[in-house]
Q: 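Attaching a single structure in structure tokens format; questions to follow.
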Amino acid sequence: MHEYTSTARVWGLSCPGFPEEVSRARRWTRDILRGSPLAEDAELIVSELSANAILHTASGREYGSFHLAVAVSAQVVAVSVTDDGGTATAPKVEHQDQDAEHGRGLGMVSAIAHRVVVRDSDQGHTVTAELYADTRLGGHPC
């Protein structure tokens, strides 16, 4: 492969921080991944990460937003949600009791995805979940 070309395709979507935008992000992801065996898992991950952005960061405040990216190659589907920040701590996996009403979302994402990466910046947090088409690339999901 030439160093300046890639077979990966990337889509981006910016959404206002309203709860109804989570379903829009989910549908958008489903449309992009139509026919992929990873579509359902990616859709669930997008739903969880988008809802977390709205509930736990400045994305859910007046004039807030979140940004979604979906990258697709033959080997990997990566979904990233970037929030508006406004919290002192980055998102993290918390091991909650099964009966807990909150705090289990990122743990669920980590269980579905083969890899989850959280990046902080001055503008917010980006959570990227990678799903591998061939599990031999990254082993079993956590």
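All residue numbers in this chain count up from 1 along the given sequence.
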Q: Which heavy-atom pair separates Ala129 from Ile45 by the least distance, and what is that distance?
A: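 Scanning both residues, the minimum pair turns out to be CB-CG2, 3.7 Å.
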Q: Not counting sequence neighbours, which residues clear side chain to side chain donor-acceptor pair (under 3.5 Å) with Ser50? List them please.
A: none
Q: Decide yes or no for Glu48 and Leu44: does some side-chain heavy atom of the first lie under 4.5 Å from some side-chain heavy atom of the second?
A: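 They are not in side-chain contact.
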Q: Taking all heavy atoms of Asp84 and all of Ser65, pick out the closest pair and write down the distance.
A: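 Here Asp84 and Ser65 meet closest at OD2-N, 2.8 Å.
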Q: Just to verify, what does Glu130 make a side chain to side chain donor-acceptor pair (under 3.5 Å) with, not counting sequence neighbours?
A: Arg115, Tyr132
Q: For His125, is there any backbone N or O sitting under 3.5 Å from a side-chain donor or acceptor partner on Asp83?
A: yes
Q: Leu13 versus Arg24: any side-chain heavy-atom pair under 4.5 Å?
A: yes
Q: Under 3.5 Å, is there a donor-acceptor pair between the side chain of Thr29 and the main chain of Ala25?
A: yes
Q: Once side chain to side chain donor-acceptor pair (under 3.5 Å) is applied, do any residues pair with Gln123, and if so which ones, sequence neighbours excluded?
A: Ser121
Q: Can you find a heavy atom in the side chain of Ile32 that is under 4.5 Å from one in the side chain of Arg9?
A: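 No, too far: nothing below the 4.5 Å cut-off.
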Q: Salt bridge (Lys or Arg N to Asp or Glu O under 4.0 Å) with Arg27: which residues, sequence neighbours excluded?
A: none
Q: List for me each residue that meets side-chain contact (heavy atoms from CB on, under 4.5 Å) alongside Asp41, sequence neighbours excluded, and say none if there are none.
A: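 If we apply the side-chain contact (heavy atoms from CB on, under 4.5 Å) test to Asp41, skipping adjacent residues, the hits are Ile112, Leu131.
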Q: Using the side chain to side chain contact (heavy atoms under 4.5 Å, CB included) rule, take Phe66 and Ile54 through it: C-alpha gap first, then chi angles, then the decisive distance, then the call.
A: CA-CA 8 Å; Phe66 65 94; Ile54 292 169; 3.7 Å; yes
Q: Test Val127 against Leu106 for side chain to side chain contact (heavy atoms under 4.5 Å, CB included), laying out the working first.
A: CA-CA 9 Å; Val127 180; Leu106 201 49; 4.1 Å; yes
Q: State, with a plain yes or no, whether a side-chain heavy atom of Ser80 is found less than 4.5 Å away from one of Leu68.
A: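 Of all side-chain heavy-atom pairs linking Leu68 with Ser80, none is under 4.5 Å.
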Q: Take Val79 and Val81 through the side chain to side chain contact (heavy atoms under 4.5 Å, CB included) test and state the conclusion after the steps.
A: CA-CA 7 Å; Val79 294; Val81 173; over 6 Å; no
Q: Pair Val109, Leu49 - check side chain to side chain contact (heavy atoms under 4.5 Å, CB included), show working.
A: CA-CA 8 Å; Val109 169; Leu49 295 180; 4.2 Å; yes
Q: Identify, with sequence neighbours excluded, every residue that meets side chain to side chain donor-acceptor pair (under 3.5 Å) alongside Ser59.
A: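 Residues passing side chain to side chain donor-acceptor pair (under 3.5 Å) with Ser59: Thr57.
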Q: To the nearest 0.5 Å, what is the distance between CD on Glu62 and CZ on Phe18?
A: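 One gets 8.5 Å once the value is rounded to the nearest 0.5 Å.
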Q: Distance only, no hydrogens: is a donor on one side chain within 3.5 Å (strictly under) of an acceptor on the other, for Ser47 and Arg26?
A: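 Arg26 and Ser47 do have a side-chain donor-acceptor pair below 3.5 Å.
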Q: Kindly work out whether a path of hydrophobic side-chain contacts (I/L/V/M/F/W/Y, heavy atoms less than 4.5 Å apart) joins Met108 to Val118.
A: yes
Q: So do the side chains of Leu33 and Leu38 get within less than 4.5 Å of each other, counting heavy atoms only?
A: no
Q: Are any non-hydrogen side-chain atoms of Val72 and Trp11 less than 4.5 angstrom apart?
A: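 Yes, close enough: below the 4.5 Å cut-off.
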